[in-house]
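Shown next, in structure tokens, is the structure this report addresses.
A note on names: the letters A, B, ... follow the listed sequences, proteins ahead of strands, and every chain is numbered from 1.
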Amino acid sequence: MIQFVRNVRLWFAPEEVRQEGDTPDYRFSLANERTFLAWLRTALALIGGGFAVDQFLPDLRWGWRVGLALALLAAGVLCSLRAVNHWVRCERAMRRGEDLPVSRFPALLSMVVAVVAVAMVVVVLVGWEG
Amino acid sequence: MTTGTPDPVPGPCRDPGLQPERTRLAWRRTTLSGTVVAVLAAKTVLHGGATPASVVAAALCCALWLVFLRIAHERIRTLSATPRPRPLTPPYATAAALCTVALALCGALLVL
């Protein structure tokens, strides 16, 4: 968490990243950029899912509907913030010639998505019966 | 964005892996995902009663989409300017991510 706060400074400071180490092959930087964009799309998909829950499950009780939608929106926020953080960390690791950072986030996100999916199945079945 | 000219020798040092083109398309795909979110936001307002707050939130979503489009456009211009494009800089990446965060916050306003 402290590391995260320390990295936030780097998000806005292009010179600080560029001062360290030496510039890697441009193709590695572009690959890192595409990974960042893929995470951003994941975040946008989660946000879109939040809208979709709100729009396309109108028979649900208000609490469940809003709760699920807000959970998906919050997951989207987390995902996009983590995307830029991971991008900065990878960029810096490449400049310093270090190993790329490892992360628990993909496993965590897939567990959350699985739980939300099961919850939606249950909620839709229960809501449909009631 | 060079189309139309059938040039058998595109350039002296074209990347055989087409990395800049793939990155350009990745930006396009991401913008398209943002478009879907903006359209869903507009649909939310049009179908569930349009209160002033929700209209403002949906308008903000569309404005954020325009900002994202602008960021993507700038980056694509940089990518296609030279065969060896400069890497993405932190302000661009942060701006793109913050646009996404702001879209989610507008979404929270709309859903509540």
Side-chain angles (χ1 to χ4, degrees), chain A residues 8-18 23-56 58 65-66 68-70 72-85 87-88 91 94-95, chain B residues 15-44 46-48 61 65 68 72 75 79 82-112:
Chain A
V8 168
R9 209 163 37 87
L10 287 178
W11 297 5
F12 299 95
E15 315 81 28
E16 255 181 84
V17 178
R18 201 159 285 170
T23 309
D25 189 330
Y26 77 104
R27 287 172 293 186
F28 298 157
S29 291
L30 289 181
N32 191 20
E33 179 178 346
R34 287 198 298 276
T35 309
F36 163 67
L37 289 173
W39 277 111
L40 221 52
R41 282 197 295 281
T42 308
L44 284 168
L46 286 167
I47 294 167
F51 279 114
V53 164
D54 182 51
Q55 278 293 296
F56 301 117
R65 190 162 52 90
V66 170
L68 266 178
L70 285 183
L72 283 167
L73 289 172
V77 168
L78 264 182
C79 195
S80 58
L81 288 180
R82 185 264 177 191
V84 68
N85 192 49
W87 173 79
V88 163
E91 201 74 4
M94 287 195 298
R95 296 194 73 89
Chain B
D15 179 5
L18 293 178
Q19 302 270 351
E21 282 78 4
R22 282 157 62 188
T23 311
R24 179 166 63 83
L25 289 173
W27 275 103
R28 283 271 178 255
R29 284 200 295 279
T30 312
T31 313
L32 201 59
S33 304
T35 312
V36 171
V37 171
V39 167
L40 279 173
K43 184 187 182 303
T44 306
L46 292 176
H47 277 243
C61 279
W65 176 74
F68 195 94
R75 182 60 189 152
L79 281 173
T82 54
R84 294 285 163 95
R86 296 167 67 82
L88 184 67
T89 53
Y92 275 97
T94 309
L98 288 183
C99 262
T100 313
V101 169
L103 267 178
L105 292 182
C106 289
L109 271 181
L110 280 170
V111 167
L112 282 173

Select, from A:Val77, A:Leu70, A:Leu40, the one with the greatest count of heavy-atom pairs under 4.5 Å involving chain B.
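If we count pairs closer than 4.5 Å to chain B, A:Leu40 comes out on top.
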
Looking only at heavy atoms and a cut-off of under 4.5 Å, which of A:Phe28, A:Trp39, A:Phe56 has the most pairs with chain B?
A:Phe56

Measure the [atom1]-[atom2] distance between [X] and [Y] for me, rounded to the nearest 0.5 Å.
X	Y	atom1	atom2	result
B:Arg22	A:Leu37	CZ	CG	13.0 Å
B:Lys43	A:Asp54	NZ	CG	9.5 Å
A:Glu91	B:Thr89	CD	OG1	10.0 Å
B:Gln19	A:Ser29	CD	OG	10.5 Å
A:Leu46	B:Ser33	CG	OG	11.0 Å
B:Leu25	A:Arg34	CG	CZ	10.0 Å

Given a strict heavy-atom distance threshold of 4.5 Å, which part of [X] is in contact with chain A: side chain, backbone, both, or neither?
X	value
B:Val36	neither
B:Leu79	side chain
B:Ala96	both
B:Arg75	side chain

With sequence neighbours left out, what residues match A:Ser80 under side chain to side chain donor-acceptor pair (under 3.5 Å)?
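Partners of A:Ser80 under the side chain to side chain donor-acceptor pair (under 3.5 Å) test: none.
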
With sequence neighbours excluded, residues passing side chain to side chain donor-acceptor pair (under 3.5 Å) with B:Trp27
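Partners of B:Trp27 under the side chain to side chain donor-acceptor pair (under 3.5 Å) test: A:Glu33.
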
Closest non-hydrogen atom pair, B:Thr30 against A:Leu44
O-CD1, 3.6 Å

Closest approach of B:Val111 to A:Ala69 (non-hydrogen atoms, all atoms of both residues)
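Taking every non-hydrogen atom into account, CG1-CB, 3.7 Å.
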
Are any side-chain N or O atoms of B:Thr94 and backbone N or O atoms of A:Trp11, one a donor and one an acceptor, separated by less than 3.5 Å?
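Judged by distance alone, yes, a pair lies under 3.5 Å.
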
Just by modelled atom types, is the B:Ala26 backbone N or O under 3.5 Å from a matching donor or acceptor in the A:Arg41 side chain?
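Pair found, side chain donor or acceptor close to backbone of B:Ala26.
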
Residue among B:Val39, B:Thr44, B:Leu103 satisfying side-chain contact (heavy atoms from CB on, under 4.5 Å) with A:Phe51
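Of all the options given, the one that passes is B:Thr44.
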
side-chain contact (heavy atoms from CB on, under 4.5 Å), that's the test. Do B:Thr100 and A:Ile47 meet it? Break it down for me.
CA-CA 9 Å; B:Thr100 313; A:Ile47 294 167; 3.7 Å; yes

Out of B:Pro20, B:Ala41, B:Gly34, B:Ala93, return the one with the most heavy atom pairs under 4.5 angstrom to chain A.
B:Ala93

